[in-house]
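Here is how names work: the chains are called A, B, and so on, in the same order as the sequence lines, proteins then strands, and each is numbered from 1. It should be emphasised that the depicted structure is a prediction, and the values quoted were computed from it without experimental measurement.
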Amino acid sequence: MFHVAKATFIRNTRVMIRAYPWSFVIGHIFSGVYTVLFAFFAYHYVFAGQLDENFAHLTGSSDYLSYAILGGAFYAFAVSTLMNVSRSLITELREGTLEAVLLTPSLRRGYFLGNVAQQLMRTLFEFSVIVLVGAVFGLTLSHTNVWSAVLVWILSTGAFFCQALVLGSLMLWFRDTYITQNTLFAVMAFVSGVTFPIPYLPEWVQPLGLIMPLAPALDAFRQCVIQGAPLHAVSPQLFHMAALSLVYLVIGVWGIRRMEKRVMESIFG
Amino acid sequence: MLIAENVRKVYQVKEKKGWLRQQWTEVEAVADLSFRMVPGKIIGLLGINGAGKTTTIKMCSTLLTPTSGTITVDGYDAVKDDRFVKAKVNMIAGGERMLYWRLTGRENLQYFGSLYGLQGQALRNRIDSLLLQVGLYEAANTPVERYSKGMKQRLQIARGLINDPRYLFLDEPTLGLDAPIARQLRKHVSELASQHGKAILLTSHYIHEVEELCDEVYIIDKGRLVAHDTPEHLTKSLHLDTALQVVIPSLSDSLDYDLRQLAQDYGGSREIAETDEQTWEVTLRGKTDMTTPLLSLLAAHQSPVLRLSTQQPSLEDVILHMADRRGA
Amino acid sequence: MKQLGSLLWAEIIKEHRHSFHSKMIYFSLLVWPVINFVTAYYSFAPFRMGGDSPLARFISYEQLPLYLLTGYLGYIFYWCLVQSSWQMSFERQAGTMEMIFISPVNRLAFLYGRSLSSLIEGVWLFFCFVLLALFFVDGIRLSGWWAPPLAFLILLVSAIVWGGFLCVLFLFSRDASFLYTVLDEPMLIFSGVRLPPMAFPVWAKVISFCFPLTYALQLIRELLMERASLQTMLPSMGLLAAVLLVLVTATVVLLRQAEKHMKKTGNMVMY
């Protein structure tokens, strides 16, 4: 399995070096930076730094800028991971290499592991750029519990990876990337507490946030960065994330396996 | 040995009917097909009407699951033990798919080799020998997108051989290739069977290719097997006529009479046509070869022979004949 | 002219067949904008609202939903064209470009015609949503019965000019999706879709006023929300007209350059 993962990692890195997906990378960075800018403009120029009384109560801090900037950066990170992993198989299908991969006795686990490891480099880069820009516009990092934050970040990658498997099967099912991914991303931005705390939403919408790994991941990450919370303080969020990951993993593995079969049938049918 | 027994494949095809309605219809691509692949032999799969060749190959290479029937490869079931089977088989398709265009030829082989569990020096050696074998050693470090069609096709062959498969499926391997490259490829395929002992299944639109390479031919029509034999037997068994053509400078009445008599004696037919160069073209058709009696007849009439040719029936004639008969 | 008409008609029909039947437009032009609009509305939740909120310096609290609705309506007009010209760059290989240059039609008319057809195809869904939503939203103060049609006209004309300009840009650039990312989201931030540009610092205002959408939105809000008279709007209208003129000129120049370039090198890509 690790053998296949390593080969896939090397292959993707080679492809990336030769044809760097600049438009995706820049797109992710830009959308993160725009969230930063929006937060900055709204906070300083439009609302003159005045917040709703409930905000500090709901988030445990009155640092709106850090809250919103981390939201933007983490959202961009989630979108990037989801896209890079979920699009891998359908890209093989479009470029005509899927059959060649399916012909081999290699394990799909290894293939995806290589994919996710390779894309870590890209998302880490994107994330760092957005956080750096954020630091210029008012993100406070002085209280950060660095190790907890890093660990939460890594665990989140795992959770997004599991979700990406489900997204990838949906893409193969619909034979589409554009609509499927963007619809999910729009909903994610709405219900996961990216730019505002979830309790502000109408009650009937709030449960939607529960099924997005982004919501607990972001919550935990913010606590570690803004308030310097230790890992055990965010364990409820981590358990939530782990449970979601498990569910998505089971559905995703089953889905991908089914879709591979279905896709082969429909190519020749 | 690869044994396919009563293999059947039915596709569910979705048909859009207007806005939201859709209908599922069943299309039978392969029906009750049985065949075997033996090491060192090449078998050909020829289709009359569209039918099931690619589907058959994909089922044998575990990409598709048969609706019913079984395929076993050296005792392993292609559905249940697919990972064992995958290690033993490989497929090469015509066209430019199944390669990563942004990677070099060598990198492609490295990747696919790894997916088959090869690594280290063994993989490197294998890649070098394959690159030499298909004549891409010099171009090994060039990205595939800069390869010509023929080079891509040869790299595909190298990819198809990377796991040293015992069973190799070739799906229209010479599709769109220039004639000299296609000829080279055919030579290569025939060596793979004769010298390396591989069992090969070949489908092709070019019937002469199948005729030249294959030890046995399966002819399928709408997914159903209609004939199975060696190419020679197939052409003979249908008793198609051999045409014998001779061009002579003049035609006397007596020669004309004797020619007709000859054709009648052998149960054949005779055609005579005057050519533009004021010569006569005589065509005799029949099941048996009439060359010797014709030549002695012409000698008896002291008629010079300007040109003589025979046309044996080809596999193509067989296919066309079958297609006509089956109302294609 | 007749030829142009038939070419345009063919283009509209093709676009219609190509994308109408697919579910794509329902998502990209209705579902996403609606979700984004709602998200944008809730993004204001962390801030202090009410009559004494600092927001009131720019927008009255009751008019915030209306402000965002008009903002997203304008944005969707423009975004629809970004998307359609982006897709056109995929068609480049299919020879759309040659078609323009081979046919004797006026190139500019073709570009604008294409924008118009994809616009009409694209925005009616969200447009209906906005009309519906307007019934439930407070704060409408029309300048007169003519204000909605005039607002619509302003949006339409400015969007088409913008679309024509984008078509040219997309057609001649190698990595069109890059332009897409650069042009799409800045509009959302700087053009006053969600935040009033008047609140911005000078450097951000400069960026804001590069986008015709900024002017168009300002006019539309004056017409629909501020009961402004035609006279008071004259300066903004003049500005919008000037910006559009610059865009048209740029489109024409680029198109000429591109044609010259192509005749010389046989290659459409300029940058």
Tell me, for [X] versus chain A, whether the close heavy atoms (under 4.5 Å) come from the side chain, the backbone, both or neither.
{"X": "B:Gln110", "value": "side chain"}
{"X": "B:Leu103", "value": "both"}
{"X": "B:Leu123", "value": "neither"}

Subject >> For chain A, the option from B:Lys9, B:Arg159, B:Gln156, B:Met98 that forms the most heavy-atom pairs under 4.5 Å >> reply: B:Met98
**OP:** Tell me, with the steps shown, if A:Arg11 and A:Glu92 meet salt bridge (Lys or Arg N to Asp or Glu O under 4.0 Å).
**Re:** CA-CA 13 Å; A:Arg11 183 204 79 188; A:Glu92 304 256 7; 3.0 Å; yes
**OP:** Keeping the roles fixed (side chain from B:Glu172, backbone from B:Ala93), state whether a donor-acceptor pair exists under 3.5 Å.
**Re:** no
**OP:** For the residue pair B:Tyr111 and A:Thr8, confirm or rule out a side-chain donor-acceptor distance under 3.5 Å.
**Re:** yes
**OP:** Determine whether more than 12 heavy atoms belonging to other residues, nucleotides or ligands lie under 6.0 Å from atom NZ of B:Lys88.
**Re:** yes
**OP:** For each of A:Ala100, A:Ala7, A:Gly110, tally heavy-atom pairs with chain B at distances under 4.5 Å, and name the one with the top tally.
**Re:** A:Ala100
Subject >> Ring-ring centroid check A:Tyr248 A:Phe161, cutoff 6.0 Å >> reply: no
